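Bear in mind that the values here come from a model prediction, so they are computed numbers and not experimental data.
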Amino acid sequence: IPWFMRDESTSPLIDTKEIEIPSIPENAPETVEEFLKLVAEEYGLQDIQLFDLTSLPESHPSSTKNQAASYIIICTGKSEKHIYKASSELRLNIKHSHDILPSLEGVVSGGTSPAARRRLLKRVRRGAPATDNDYGKVPNSWVMCDTKVDNIFIHILTQQRRDELNLESLWCRDEEKEKYLPSSTSVEESDDIFIGVRRGFHTMTPFWAQQRRSYSTKKLHSIQQLFNEDSSISEDKLQSYKNNFDSNFVPRTVQAFRDKFELYRTIHVLNPSLVSFEQVRETILEKYSSLDIYVNKDFSITSEKVEDVIRYMKLIIDSPEIAVSGENTGVFVDRVFDSVSKFISTLVSFSYEQVNVLEHDEFLPLLWRLTLIEKDDAVLNSEVITRAIQGEVSLGTDVFRGNSPISQASNKARDVINIAKYFSELNQVIQAVSFKELVLFSYGNAGKWSKFWNEWEVSFGFFGNGSPQAAVHSWVRLVVYLALRDNKTQQLHFLHNYWNNSGLSRSIVSDLERNECRFGSPTEKRVFISAINKIVDSVNNS
């Protein structure tokens, strides 16, 4: 019997779960039940909650006396695309069923041009710069619909955004507040305020994985508390905080100057109009003009200069002011490299100690990162691949599919590679797999596939006798990358050349046989099989 004629056509592996609809107050209009069934049964939104604001006392800030809504529906979408589709369908349904055009906020069309996306990102930089807190940076993560029917408002959020915003606490009764309290996280464990807006792509474990830091100064501690209380700090608050810091600043220790830099950098990323890029740069340099610093000698001048170069390079990546403005990629990257060169020259001019930045683990990876310009947030890097292998990123996601999410200045990239080859004995970072992965994935993300495959063969042991365990692990990461990138041409190239090619010293089949078909873990094996199946299905379907 064909599958579509069978009585039980659903897969036994999928446990279909019925979405619960919350209880409806007796005095609620029929439209409340209509919208609840619509979002649950038609659009598949989950974890639905209904708040009856008509039953709140007048003293409550969210009572009908204090705001326009009478009923609030909160629900969770499976992804941003799911939310976009559901909100669009909801708008059409209300328009045709009630002859009213509802108001939607937070919807960003998938057809938005890259230029429009960049403008949106500039606007939201007034919000949090944390890479693990979006606060509006990701489109369609929170959509609010004013149905204009019986004062009913519908909020649709992703699970992560819903957990962060905790909207339920705004509309619940006072006795229910405890039920919606977020899980407690100490300020020392959270470093969101100090993570750069665009730091995600140049983060590459283990060299500069974002570490949890705790600052001894009360000033920096309190700005974290301030931001935790208000995710959109007003310009007046930031200005007041900066003025307070400046009035109490005592420039006698290196740590004091470091703290000032962290504060200025944070405010600059949040609101460049308050602290400019040049002002943040000056906070790095002004310590070298302080007599107290040289008298106290509480630090190594040479190592501090090296760290300051690293701080400056990260500042360039994070800064909202450093952006491509109508110039091509090569010209922009040349300008960035020139800025770094002048900064190092300025550091050297303060004293004659050498600045051996090449010995620092982060310098070459950051220098490589400066050759790239992100055109999209969806950038496949080592961190994403690791999360996919651990099961935190679904191989079915299509956010990494499509055009190249970055562009690269080829000349500068070649210069960085030449520097890396020249100093390969000096710096072990160049020999590390994670740096090679950074280079490899950059080529793939930029759509430079001939360089991608050449880098794969040269850097991952095709001309040596590496261990079979390391070889299998590298194949797994490559397969997961190709499955997520979902480029049919490159998937076909991979299957044709690297699956079982006797003409090469290495192939997946030969390395698996050398390693007796063992993987690093059961999870790694499962993800490898899933990724291979996805690649084969994708190629067959096309």
Side-chain angles (χ1 to χ4, degrees), residues 11 13-14 78-82 110 200-201 204-205 376-406 433-434 436-457 459-462 469-501 504 506-512 515 517-542:
S11 170
L13 299 177
I14 301 175
K78 298 173 185 175
S79 65
E80 288 82 11
K81 284 198 171 182
H82 181 206
F201 185 71
M204 183 186 69
T205 51
D376 198 340
D377 287 340
V379 176
L380 262 176
N381 54 26
S382 298
E383 181 187 1
V384 176
I385 301 302
T386 301
R387 290 173 56 207
I389 293 175
Q390 294 170 350
E392 297 176 11
V393 175
S394 170
L395 293 179
T397 182
D398 59 355
V399 296
F400 304 107
R401 181 195 301 168
N403 298 326
S404 303
I406 66 173
V433 173
S434 47
K436 294 175 181 177
E437 267 197 359
L438 176 65
V439 175
L440 179 73
F441 294 158
S442 298
Y443 284 145
N445 292 332
K448 299 182 177 182
W449 292 105
S450 59
K451 291 185 177 181
F452 176 90
W453 292 116
N454 182 65
E455 182 68 24
W456 167 252
E457 294 188 5
S459 298
F460 288 86
F462 268 72
Q469 296 93 335
V472 170
H473 181 69
S474 297
W475 283 119
V476 171
R477 296 182 71 82
L478 175 67
V479 167
V480 171
Y481 177 86
L482 293 173
L484 287 171
R485 192 73 171 85
D486 201 20
N487 184 301
K488 307 291 189 301
T489 304
Q490 304 311 317
Q491 289 173 345
L492 191 61
H493 175 89
F494 160 75
L495 291 173
H496 179 72
N497 291 282
Y498 300 105
W499 178 256
N500 190 14
N501 190 344
L504 291 173
R506 286 276 179 86
S507 68
I508 288 186
V509 172
S510 64
D511 281 334
L512 279 173
N515 202 40
C517 289
R518 291 189 306 239
F519 288 82
S521 67
T523 304
E524 191 174 272
K525 179 180 179 180
R526 186 166 57 251
V527 171
F528 173 79
I529 294 171
S530 300
I532 286 291
N533 283 332
K534 183 188 175 187
I535 289 174
V536 173
D537 290 343
S538 177
V539 171
N540 284 340
N541 291 336
S542 64

- Query: When rounded to the nearest 0.5 angstrom, what is the spacing between CD1 in I529 and CD1 in I532?
  - Reply: 9.5 Å
- Can you measure from CD1 (I385) to CG (L380) and round to the nearest 0.5 angstrom? 5.0 Å
- Assess whether side chain to side chain contact (heavy atoms under 4.5 Å, CB included) is satisfied between V384 and F441, documenting all intermediate values. CA-CA 11 Å; V384 176; F441 294 158; over 6 Å; no
- Shortest non-hydrogen pair, V527 vs L395, comes out as O-CD1, 3.9 Å
- What is the minimum heavy-atom distance between A388 and L484, and which atoms define it? CB-CD1, 4.2 Å
- Query: Just wondering, do I508 and F494 contact through their side chains at under 4.5 Å, heavy atoms?
  - Reply: yes
- Task: Starting from the C-alpha separation in whole Å, work towards a yes-or-no answer on side chain to side chain contact (heavy atoms under 4.5 Å, CB included) for N454 and Y443.
- Result: CA-CA 10 Å; N454 182 65; Y443 284 145; over 6 Å; no
- Note on the structure: Interatomic distance, CG@D511 vs CD@Q469, rounded to 0.5 Å, equals 10.5 Å
- Message: What's the separation between atom CG in L492 and atom CG in N497, rounded to the nearest 0.5 Å?
- Response: 9.0 Å
- Could you check N445 against N381 for side chain to side chain contact (heavy atoms under 4.5 Å, CB included), going step by step and ending with a plain yes or no? CA-CA 9 Å; N445 292 332; N381 54 26; 5.7 Å; no
- Message: To check you understand the geometry: which heavy-atom pair defines the closest contact between S538 and Q491, and what is its length?
- Response: OG-OE1, 3.3 Å
- Message: Checking N487 against L482 for the side chain to side chain contact (heavy atoms under 4.5 Å, CB included) test, could you report, in this order, the C-alpha distance in whole Å, the side-chain angles of both residues, the deciding distance, and whether it holds?
- Response: CA-CA 7 Å; N487 184 301; L482 293 173; over 6 Å; no
- Message: Could you measure the distance from the CD atom of E524 to the CD atom of Q390? Nearest 0.5 Å is fine.
- Response: 10.5 Å
- Query: Could you state the interatomic distance from OG1 (T386) to CD (E437), rounded to the nearest 0.5 Å?
  - Reply: 7.0 Å
- Query: Which atoms form the tightest heavy-atom contact between S382 and R477, and what is the distance?
  - Reply: O-NH2, 3.2 Å
- Angle class for the F528/F519 ring planes (parallel below 30°, perpendicular above 60°, tilted otherwise)? tilted
- Task: Flag the pair F452 / Y481 as yes when their ring centroid distance falls below 6.0 Å, and as no otherwise.
- Result: yes
- For the residue pair W456 and W475, is the inter-centroid distance of their aromatic rings smaller than 6.0 Å? yes
- Are there more than 12 heavy atoms of other residues, nucleotides or ligands under 6.0 Å from atom NZ of K525? no
- Determine whether the side chains of R526 and S521 contain a donor N or O and an acceptor N or O closer than 3.5 Å. no
- Minimal non-hydrogen separation, R485 against G447, with atom names: NH2-N, 4.5 Å
- Query: Closest heavy-atom contact between K488 and V539?
  - Reply: O-CG2, 4.4 Å
